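Everything below concerns the one structure shown next.
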Amino acid sequence: MVAGTLYTYPENFRAYKALIAAKYSSADVKVASNFVFGETNKTEEFLKKFPSGKVPAFESTDGKCLQDSNAIAYYVANDQLRGKSDFEKSQVLQWIFFAETEILPASCAWVFPVLGIIQFEKKVFERSKEDVKSALNILDAHLLTRTYLVGERVSLADIVVACTLLHLYTHVLDPEFRKPFVNTNRWFTTVINQSQFKEVAGEVKFCEKVAEVDHKKFQQLQQQQQVKGKEKKAPKEEKKIPAKKEKKQQEKEPEEELDAADAALAAEPKSKDPWESLPKGTFVMDDFKRVYSNESEEKSIPYFWEKFDPENYSIWKGEYKYNNELTKVFMSCNLITGMFQRLDKMRKNAFASVCLFGTDNDSTISGIWVWRGQDLAFNLSPDWQIDYESYAWTKLDPKSEETKKLVEQYFSWTGADKDGRKFNQGKIFK
Amino acid sequence: MMNTSLKTLNQISDFLKIPVKNIHINEKELLTCTIDKKPVCGFINIVSELLRKSSVLNYNGNIEIYQWLEYALVYASKVDCATNSRQILDELNEILANRTYLVLNILTVADVTLFYFLHNTMAHLSNVEKEKYINVCRWFDNLQQNQCLTNRKELVQFNTNYLSLFVPLKHL
């Protein structure tokens, strides 16, 4: 009978695999109680036994050391879990690798931005959903005619794949998304409700509504990590290690610190103003907007130049990068207004006139923006970074005649784009 | 019908490893037997009594189990008639699409009882029917691999179902 100690931080789904396998095999596996992530696994003593410093790590009572959660789970399992024949054993391995290569990368790319652990990148984020879908399709087809993944009893394959799916099912697989995967849902429900599983992982709560990306928490965690890094004088060099897995392991770290982050978040004053660090200047955005709305351009544009404060405000031209993808005029207009909506909190200190030139299937979008500060305002808040990368931004010199012309053209909705397409529609961000 | 219940009761008693004696149908047409020298009357009562004494399955008094026992007695015991069998298989197929076992997420006496009642019907399904009732087949196949439930020689074959992914039946 295997007996030993498992080093891990709490609620680590990787450690769950070994702990659940141990429940089935009655192996005596204890979690090291004094383990502190980031400290214990950085000590010389620990690194001597486990050179990578990764967790979970296992040391048996007779001094055998093992790293990697799947290897540990295999070691502490019994014959039932490992598979009875050579073929079954290979099938178990097949599913373990399926979990590692098909499910886990997609799961991390989807779940971590939602938890605010890694930065949100739209393309990666959307692709991860498709990857998860295709992995679930494979599982679902397999489970149509089968109760468990390998053989007719719970095996290591079920434990490993279910553990790897845990984050997905609890954080992002909302009822609508998981609905088509009837067989996978049935199998997952069965596996997580086995007493051996529940004793380790507790009651699993399924995701109930569509998950949204938590930009705020990401920022918070970033700041915390920076502070922490300084305090401990332990720069996070590991982050730069290119190996995918290493990186993931590192990204695990904030996860266990989430509670601390929550506490810090609660203690801080609610929603800091992103503009706070920038001087207010003399230009009063609201006054200008009022004049612009109520007066004709003949009055409002001279008013703008009279009041404009070039010290503290800047003028930008934003040109849509993918004009050749634009089709119907109304769709392009929705693109603009959609962006405005997502930038809602920017309104206080920004103004823009964005115009559509041309006609259906031959049009361009560009606009003139004015905001507080000299740099790209979108960098002030992660909430504002959804659309801006689709535009090419050029800062305009407020003194030049060219800028004056551009401002007049866009503010009064006249003229044409640089290829001569006529003004079609304009939208004002105010 | 009484004979099927009688046979099933014997199988359940074997599975639970609690012997029943003097099993017969009394003058009121009720199934009667003695367990530990105590007379017990009625199918569901007998199964409950067996469960209480047995350590093979965890007895948790779940009310859903009773519901299934009743279903088994009232409907599944008459499964040998073609119209009945179709209705029962249809119902079970729908329920088992979302469940691995009938009650909770573990093997209970509800599964065991229905397994015995349906054994004969399942053994005589055509390949086309096996695919039509794919969820019942999956459930049944899982149970029959349990050596305590059946003699391994009598396994019903469901291999053709694995083909359904590649060549699904169109005429169902």
Side-chain angles (χ1 to χ4, degrees), chain A residues 20 23-24 79-81 83-85 87-88 91 134 136-155 157-159 161-162 169 173 175 178-206, chain B residues 57-60 62 64 92-108 110-112 115 122 125 127-150 152 155-169 172:
Chain A
I20 294 165
K23 289 278 177 207
Y24 275 95
D79 286 343
Q80 166 65 48
L81 291 181
K84 281 176 218 142
S85 62
F87 183 64
E88 277 193 6
Q91 284 180 305
S134 58
L136 288 181
N137 270 324
I138 294 171
L139 269 179
D140 206 60
H142 185 77
L143 290 165
L144 173 68
T145 49
R146 295 170 181 87
T147 304
Y148 298 108
L149 290 174
V150 178
E152 293 290 343
R153 291 289 166 270
V154 171
S155 72
D158 300 295
I159 297 172
V161 177
Y169 266 103
L173 296 185
R178 64 176 188 254
K179 200 174 158 197
F181 308 107
V182 181
N183 304 313
T184 312
N185 294 340
R186 177 193 65 237
W187 161 84
F188 185 74
T189 314
T190 306
V191 175
I192 58 168
N193 277 300
Q194 299 306 305
S195 58
Q196 294 90 338
F197 203 105
K198 271 204 276 195
E199 276 169 44
V200 172
E203 203 72 49
V204 177
K205 276 204 191 89
F206 282 62
Chain B
L57 291 176
N58 291 333
Y59 181 65
N60 39 38
N62 189 306
E64 269 186 86
L92 283 178
N93 199 51
E94 211 181 305
I95 287 158
L96 289 168
N98 300 307
R99 314 195 59 101
T100 298
Y101 303 103
L102 290 171
V103 185
L104 302 166
N105 284 290
I106 47 165
L107 182 73
T108 66
D111 299 289
V112 175
F115 175 82
M122 295 306 286
L125 285 184
N127 285 349
V128 177
E129 286 170 314
K130 278 178 189 166
E131 187 171 335
K132 186 176 174 193
Y133 302 118
I134 200 157
N135 298 318
V136 183
C137 292
R138 190 195 55 245
W139 165 81
F140 190 88
D141 200 18
N142 181 244
L143 293 192
Q144 74 171 351
Q145 311 284 336
N146 187 334
Q147 278 159 353
C148 311
L149 273 171
T150 41
R152 282 228 149 210
L155 288 191
V156 182
Q157 288 303 314
F158 294 101
N159 292 342
T160 54
N161 269 0
Y162 295 129
L163 293 173
S164 64
L165 279 178
F166 308 107
V167 267
L169 291 171
L172 283 179

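Everything quoted here is computed from the prediction, not taken from an experiment. Each chain gets a letter, A, B and so on, in the order the sequences are listed, and its residues count up from 1.
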Side chain, backbone, both or neither of L143(A) within contact of chain B (heavy atoms, under 4.5 Å):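 It is the backbone, since no side chain atom gets that close.
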For the residue pair [X] and [Y], establish whether any side-chain heavy-atom pair is separated by less than 4.5 Å.
| X | Y | answer |
| --- | --- | --- |
| N98(B) | V182(A) | yes |
| N142(B) | R146(A) | no |
| T189(A) | R99(B) | no |
| L144(A) | I134(B) | yes |
| N135(B) | R186(A) | yes |
| T190(A) | Y101(B) | yes |

To the nearest 0.5 Å, what is the distance between [atom1] ([X]) and [atom2] ([Y])?
| X | Y | atom1 | atom2 | answer |
| --- | --- | --- | --- | --- |
| D141(B) | T145(A) | CG | OG1 | 9.0 Å |
| Q145(B) | Y148(A) | CD | OH | 12.5 Å |
| Q194(A) | I106(B) | CD | CD1 | 7.5 Å |

Taking only residues two or more places apart in sequence, or in another chain, which ones meet Y133(B) in a ring pair (Phe, Tyr, Trp, His ring centres under 6.0 Å)?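 With sequence neighbours excluded, Y133(B) shows a ring pair (Phe, Tyr, Trp, His ring centres under 6.0 Å) to no residue whatsoever.
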Counting only heavy atoms not in E64(B), do more than 12 fall under 6.0 Å of its CD?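 For E64(B), atom CD is crowded (more than 12 foreign heavy atoms under 6.0 Å).
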